[in-house]
Amino acid sequence: MDIPSLIIIAYFFLTLLVSFLCRRRNTELQRLLVAPQQLGLVLTVPLIFSGLFGGSTITGTVASAFAGGVSSAWYLLGTAVGCLLFLLLVFRFYRAVAVVKHSGSIPDAFAYRFDERTRVLMVLVIVITNSIALSTIPLSTAAIISKITGLSSDAAGWLCCIVLIVMALLSGLKGVAAMNMIHTFFMFLGLVVMLVPSLRSAGGFAGLSAALPESYFSFGSGGFWSVAAVLLGAVLAIMTSPLAFMSVVSSTKPKIAKNALRICAVLILPFAACLVLIGMCCRVIVPEGSANAVLFDVAQSFNPACYVLIGMSVLAATFSTAPASLLSIITTLNNDIYCKLRKNASQREQKIFVNAGVVVWTVIWIMIGKNAASILGQLTGATQIKSVASVILLISLYWKRVDRNSGFYSLLTGSVVAMGWHLAGNPFGIQPLWPSLAISLVLLVILTLLASAPVSESSQAVDAIFKEYDTLPAEKK
C-alpha cells in the first residue's frame with residue numbers, strides 16, 4: 001500500500017477515534033443529539049461552517065466553475081448572506097421558542113407558529129432536503145477514494161457510507177463539532193496548496209483572462225433567472241437550516257451563536273474564491289477533462305503532496321458535513337415523529353430507533369445518489385425545496401393575519417411543486433424555486449385574506465412567547 005493510501009486511512013482512524021472519545025464522555029441521548037447549551041465559539045464556528053459545506057460543495061463548485069466560471073460562486077455567496085439575514089430575521093423567533101418552550105427542532109418551532117400538521121410537514125421537508133444533500137457523497141467523495149486506493153467507485157462509495165455510519169453512531173453533535181475543528185483546517189489547507197500550483201500552471205490571472213471566454217468572468221452567465229434562483233434559494237435555505245438552528249440551541253450563550261454566524265459569513269468569501277479559481281484554472285490546464293473528476297486529475301499531475309492534501313480537504317469536508325446532516329435527520333425523526341407517536345418511549349427504545357435509523361437512512365440515500373448527474377445541481381435543488389418553508393415562515397412572522405390553514409396549505413403545495421419540479425429535472429430550464437414560490441405565495445395570500453381574524457390565534461400564541469422571552473435576563477437572549 002502506498003503512502004497516500006496510508007495517510008487517508010490514518011485520517012479515517014483519527015476521526016473515528018475522536019468520535020469514540022466524545023461518545024464516552026456523554027451517553028445521554030438528547031445531549032448527544034442536540035448538545036443543549038454546551039458549545040462555545042471555538043466549537044460553534046466549525047460546526048456551522050464545516051457542516052454547511054461538504055465534499056460535494058468542494059467538488060461541485062470546482063466542477064461548476066470548470067464548466068461556467070465565476071457564476072458558480074452564487075450558491076456560496078448566497079449562503080454567506082443567508083447567515084447574516086438569519087440573525088436579522090429569524091434568530092429571535094428561534095431563540096424565543098427554544099428558551100421559553102424548550103423547542104429542540106425547526107419543525108417544533110413551526111408547530112408553535114402554525115400547528116401540528118405543519119410540524120409533520122416540516123419534518124418531511126427537512127428530512128428529504130438533508131437526505132438529498134447526503135446523497136451527493138458517491139459523486140463527491142468516492143472518486144478521490146477510488147483514485148488513491150485503487151478501489152472501484154462503487155466500493156469507495158460504500159466505504160464512505162460505512163465510515164459515515166460509524167462516525168454518526170459514535171460521536172453525537174458535540175463530537176461532530178470537535179472533529180470539525182480539524183476538518184476545517186484541512187479544508188482550507190488543501191485548497192490553498194491546490195490553488196498555488198494551479199494558478200502558476202494556468203499562467204496566473206493574466207493567463208486565465210487570455211485563455212477563457214468572457215462569459216467565464218460574468219456572474220450572470222447562467223442566465224438571470226437561474227442565477228437569481230440559486231442565490232435566493234441559498235439565502236432562504238439558511239432560515240430553515242437545522243445547523244443554524246442548532247447553533248441557537250446548542251451555544252452556551254446567544255451572543256456566541258450570533259458571532260459564530262458572522263464569522264462563518266466572512267470565512268465563506270475566501271473559501272468561495274479558492275474553489276472558483278481552482279475550477280477555472282483546471283479549465284485552462286485540461287480543457288477536455290471531466291468536470292466531476294478534473295480536481296483530482298489536475299492535483300495528481302502536480303505532485304503527491306498536493307494530491308493527498310486536496311483529497312484530505314474533500315474528505316474533511318465530507319466527514320464534517322455528512323455526520324451533522326445525518327444527525328439532524330435522525331434527531332428530527334426521533335424527536336418529532338417517533339417520540340410523538342410513542343410518548344413514553346424509553347431511552348433504550350429511542351437509542352435503538354436512532355441507531356437503526358442512521359444505518360437504514362444512510363444506505364438508502366447513498367444508493368439514490370449514485371445515479372445523480374450533477375453534484376451542485378443536487379445541492380441547489382435541495383436548498384430551493386426548503387426555500388418555500390423559509391418564505392412562508394418569514395411572511396407569517398410579520399403578517400399576523402396568516403393562520404394555521406393558510407400556512408399549512410401553502411407550504412404543502414409549494415413543497416410538492418418544488419420537489420416534483422426538481423425530480424423532473426427542471427422542465428424548460430426553470431429552477432424549482434420559481435414555480436413553487438409562485439403557487440405557494442398566491443395560495444398564501446388568498447387564504448390569509450379570507451381569514452376572518454386580523455390577527456390569527458397562532459400569531460397571538462407567538463406574541464405571548466415573545467412577551468415572556470422579553471422579560472428574561474439579557475444573557476439568555
Side-chain angles (χ1 to χ4, degrees), residues 81-126 232-233 235-242 244-245 248-249 254 257-258 261 336 385-418 433 436-472 474 476-477:
V81 175
C83 288
L84 299 177
L85 290 180
F86 181 93
L87 297 174
L88 295 174
L89 301 176
V90 296
F91 184 92
R92 182 170 177 262
F93 168 68
Y94 286 144
R95 183 69 184 179
V97 294
V99 173
V100 176
K101 296 296 184 180
H102 307 291
S103 173
S105 68
I106 287 179
D108 202 32
F110 268 71
Y112 286 110
R113 177 54 185 91
F114 301 106
D115 57 14
E116 284 297 303
R117 298 173 303 170
T118 309
R119 179 184 62 77
V120 173
L121 183 56
M122 276 306 299
V123 169
L124 296 176
V125 169
I126 288 176
L232 187 59
V235 170
L236 292 173
I238 295 295
M239 305 301 160
T240 48
S241 165
F245 179 86
V248 176
V249 177
K258 292 178 180 179
L261 285 163
D336 291 284
I385 293 167
K386 280 201 299 184
S387 297
V388 176
S390 299
V391 170
I392 291 171
L393 175 65
L394 290 172
I395 292 174
S396 72
L397 291 178
Y398 297 95
W399 190 11
K400 298 182 181 297
R401 193 183 189 96
V402 176
D403 62 8
R404 296 182 176 94
N405 287 329
S406 57
F408 172 74
Y409 287 114
S410 57
L411 177 59
L412 175 63
T413 304
S415 300
V416 170
V417 170
L433 181 68
S436 60
L437 272 186
I439 294 173
S440 61
L441 288 180
V442 168
L443 187 59
L444 178 69
V445 171
I446 292 174
L447 293 177
T448 300
L449 292 176
L450 291 174
S452 57
V455 178
S456 67
E457 185 179 341
S458 58
S459 181
Q460 292 177 30
V462 171
D463 288 341
I465 293 174
F466 280 139
K467 186 175 181 180
E468 183 175 350
Y469 176 72
D470 290 336
T471 63
L472 297 174
K476 290 190 175 183
K477 301 177 183 178

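Note that the coordinates shown come from a computational prediction; the quantities given were computed from them, not determined experimentally.
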* Rounded distance (nearest 0.5 Å) linking atom OG of Ser415 with atom CG of Leu121 -> 5.0 Å
* Student check: side-chain heavy atoms of Leu447 and Asn405 closer than 4.5 Å -> no
* **Close side-chain approach of Val402 to Ile392, heavy-atom, < 4.5 Å** => no
* Asked: Yes or no on side chain to side chain contact (heavy atoms under 4.5 Å, CB included) for Ile465 and Val97, after CA distance, side-chain angles and deciding distance?
  -> CA-CA 7 Å; Ile465 293 174; Val97 294; 4.1 Å; yes
* To do: Measure the CZ-CE distance between Phe245 and Met239 for me, rounded to the nearest 0.5 Å.
  => 15.0 Å
* Give a yes or no on whether the backbone of Ala237 and the side-chain of Ser241 come within a donor-acceptor separation of less than 3.5 Å. => no
* Heavy atoms only: give me the nearest Phe110-Ala389 pair and the separation to one decimal. => CZ-O, 3.7 Å
* Test the Arg92-Phe466 pair against the cation-pi criterion, namely NZ or CZ under 6.0 angstrom from the six-membered ring centroid and within 45° of the ring axis. => yes
* Applying side chain to side chain contact (heavy atoms under 4.5 Å, CB included), run through Leu393 and Phe93 and close with a yes or a no. => CA-CA 10 Å; Leu393 175 65; Phe93 168 68; 3.9 Å; yes
* **Closest heavy-atom pair and its distance - Ala461, Tyr112** => CB-O, 4.4 Å
* Between Leu85 and Leu88, is a side chain to side chain contact (heavy atoms under 4.5 Å, CB included) present by the stated rule, with each step listed? -> CA-CA 5 Å; Leu85 290 180; Leu88 295 174; 4.1 Å; yes
* Distance-minimising heavy-atom pair for Ser406 and Leu444 -> O-CD1, 3.6 Å
* **Under 3.5 Å: donor-acceptor pair, side chain of Ser436, backbone of Ala418** => no
* Structure fact -> When rounded to the nearest 0.5 Å, the distance separating OG1 of Thr413 from CG of Leu441 is 11.5 Å
* Structure fact -> For Phe86 and Ile238, the nearest pair of non-hydrogen atoms, with its separation, is CD1-O, 3.4 Å
* Nearest 0.5 Å, what's the CZ-OH distance between Arg117 and Tyr409? -> 5.0 Å
* Sidechain-backbone polar pair: Ser410 side chain, Gly407 backbone, donor-acceptor under 3.5 Å -> yes
* To do: Identify the two heavy atoms, one from Lys400 and one from Leu397, that lie closest to each other, and give their separation to 0.1 Å.
  => NZ-O, 4.5 Å
* **Backbone N/O of Gly233 and side chain of Ser387: donor-acceptor pair under 3.5 Å** => yes
* How many angstroms lie between CG in Leu450 and CZ in Arg401, if you round to the nearest 0.5 Å? -> 9.0 Å
* Take Lys386 and Val125 through the test side chain to side chain contact (heavy atoms under 4.5 Å, CB included) and record every step on the way to the result. => CA-CA 7 Å; Lys386 280 201 299 184; Val125 169; 4.1 Å; yes
* Are the side chain of Thr448 and the backbone of Val445 linked by a donor-acceptor contact shorter than 3.5 Å? -> no
* Where is the tightest heavy-atom contact between Ser103 and Val249, given as atom of each residue plus distance? -> O-CG2, 4.1 Å
* Is a donor on one side and an acceptor on the other found under 3.5 Å between the side chain of Arg113 and the backbone of Ser396? -> yes
* Asked: Which distance, rounded to the nearest 0.5 Å, do you find between the OG1 of Thr240 and the CD1 of Ile126?
  -> 6.5 Å
* Could you tell me whether a side-chain N or O of Gln460 sits under 3.5 Å from a main-chain N or O of Val455, the two making a donor and an acceptor? => yes
